[in-house]
Each structure stands twice: as C-alpha cells, then as structure tokens.
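In the text below, chain A, chain B and the rest are named by the order of the sequence lines, each starting its count at 1.
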Amino acid sequence: MAHWLVKSEPTDYSIEDLARDRLQLWDGVRNYQARNYLQAMAKGDRVFFYHSNAKPPGLVGLASVAQTQIVDPTQFDPQSKYYDPKATPERPRWYTVELAFERQFPLIPLDSLKAQFSPEELLLVRRGNRLSVMPIEEAIAPRLLALAGC
DNA sequence: GCCAACGTTGGC
DNA sequence: GCCAACGTTGGC
C-alpha cells in the first residue's frame, strides 16, 4: 500500500468537507505530473490531506483511495472551469480517483514539517514545489502518521 | 498584495 | 526545438 499527499485550499474543499461527504471525486487536476501520480494510485492507498493557502498551511487529515482510473468528467463540460477542449470521450486526457474520508487530526503546520523533514525526504517541503498530488516515501509515512497521532 | 518558482503556450 | 511571454500556485 502506497502513501500519497494531496493539496487543497480549504476555502475550496476542506477536510471538513470530506468528513461530511465521506466520498469525493478528486476532479479538476490539470497538471500532467499530478495526473500521472493519480493514475498510479491503487485502491486502499493512504492519502495525506494538506490545506494550502491556509493560515497556517499544513496536514490536516487522512483519506484513502476508494476508486481508481476514473475519467475526470469536468474535462468534457464547457461550463466547467476545468473544461479541456482538446479532450474527447474517445481520448480522455485527465484521469483521477475517488477519495474516502478516513480521519481528521490536529493540524501539523508546514513549519513543523520543514523542521523535521529534509526536502529529499518530503517533496512537499522542496522549494518551489507546486505539485498538488505527490508521492510520500514509504520510510516517511510512519513518521508522518506518528506526528498525526495515528 | 507581493513575488519566486515553474508549467504551458505559441511564434518563429 | 527554442524560448519569451504569460498564467498559476502558494508561501509569506
């Protein structure tokens, strides 16, 4: 079972929203590297949930992968801000997963993560990193879970 | 609100 | 294929 991290702006979609919804299609990702990670996810993988553009930003919860290899429907919707005119149902460009809520935990601020993990260990704290979906090293996952009190 | 980082677009 | 211009992300 692999571990991942997804970012979301809490004003857009927060861990509280996921706790309420229980399941959420992770649509709207429009970055090829992030998409490739989404496609590499397997059912049951654990996903750390990160609040970006928050005060302070940090990890706030845990989700799991409920469903994989889902064609992101927003790419075909001209009304959606994620509409991609170059995508067709025959040749979709964007795939995603459905996330399931696992648990919320007390915020682990980005500051703490920077203090405890090197940029080599944790992509998140790498300077200039803007990826919204990224893998978590297997050696790092237990340390993050311990910090989360899980 | 600023701005560094970086991905994407499009002219050539 | 190069690269300047532009748009977005996201911390501060």
Side-chain angles (χ1 to χ4, degrees), chain A residues 2-21 24-41 45-65 68-137 139-141 143-150:
Chain A
H3 291 78
W4 308 90
L5 182 151
V6 297
K7 295 179 184 172
S8 184
E9 302 197 15
T11 53
D12 194 35
Y13 194 83
S14 69
I15 190 69
E16 289 83 4
D17 293 328
L18 185 61
R20 178 199 63 217
D21 298 340
Q24 177 64 28
L25 183 66
W26 209 247
D27 60 10
V29 174
R30 293 293 178 269
N31 169 285
Y32 287 105
Q33 201 175 349
R35 179 203 64 182
N36 293 344
Y37 287 135
L38 285 168
Q39 283 197 280
M41 289 183 184
D45 283 357
R46 284 210 191 97
V47 181
F48 290 96
F49 201 100
Y50 177 85
H51 278 173
S52 61
N53 263 323
K55 292 175 190 171
L59 291 176
V60 290
L62 201 60
S64 62
V65 177
T68 62
Q69 304 295 331
I70 300 171
V71 173
D72 184 337
T74 61
Q75 66 192 303
F76 309 126
D77 176 8
Q79 306 309 317
S80 169
K81 68 169 174 171
Y82 303 119
Y83 178 60
D84 182 348
K86 290 178 183 159
T88 64
E90 294 72 33
R91 297 196 65 182
R93 270 195 175 184
W94 306 105
Y95 288 82
T96 189
V97 298
E98 185 180 51
L99 293 182
F101 176 76
E102 291 295 331
R103 66 181 80 95
Q104 189 169 2
F105 50 70
L107 175 91
I108 306 171
L110 178 60
D111 276 352
S112 312
L113 296 170
K114 280 180 175 168
Q116 297 181 57
F117 297 94
S118 72
E120 292 72 33
E121 290 175 315
L122 190 61
L123 261 171
L124 181 72
V125 301
R126 207 165 293 182
R127 202 169 97 103
N129 170 60
R130 301 188 319 174
L131 261 189
S132 66
V133 180
M134 66 186 77
I136 296 290
E137 299 277 338
I140 300 307
R143 290 171 59 191
L144 287 174
L145 290 167
L147 279 178
C150 299

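- When the salt bridge (charged side-chain N to carboxylate O under 4.0 Å, His left out) test is applied to R93(A), the partners found at least two apart in sequence or on another chain are D84(A).
- Residue contacts shown for K55(A) are absent, as no nucleic acid heavy atom lies under 4.0 Å away.
- With sequence neighbours excluded, the residues satisfying salt bridge (charged side-chain N to carboxylate O under 4.0 Å, His left out) with R143(A) are E121(A).
- For the side chain to side chain donor-acceptor pair (under 3.5 Å) condition, the pairs that include at least one residue of residues 48-63 of chain A, sequence neighbours left out, are E9(A)-N53(A).
- For the pair D111(A) CG and dG11(C) P, the computed distance is 11 Å after rounding to whole Å.
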Quiz: residues 98-110 of chain A side-chain donor-acceptor pairs under 3.5 angstrom, not counting sequence neighbours:
{"from": "E102(A)", "atom 1": "OE2", "to": "S64(A)", "atom 2": "OG", "distance (Å)": "2.6"}
{"from": "Q104(A)", "atom 1": "NE2", "to": "E16(A)", "atom 2": "OE2", "distance (Å)": "3.0"}

Atom pairs under 3.5 Å, N or O on each side, protein against nucleotides 3-9 of chain C: can you list them with distances?
{"from": "dT8(C)", "atom 1": "O2", "to": "R130(A)", "atom 2": "NH1", "distance (Å)": "2.4"}

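- Contacts of Y82(A) classified as ring pair (Phe, Tyr, Trp, His ring centres under 6.0 Å), with partners at least two apart in sequence or in another chain: none.
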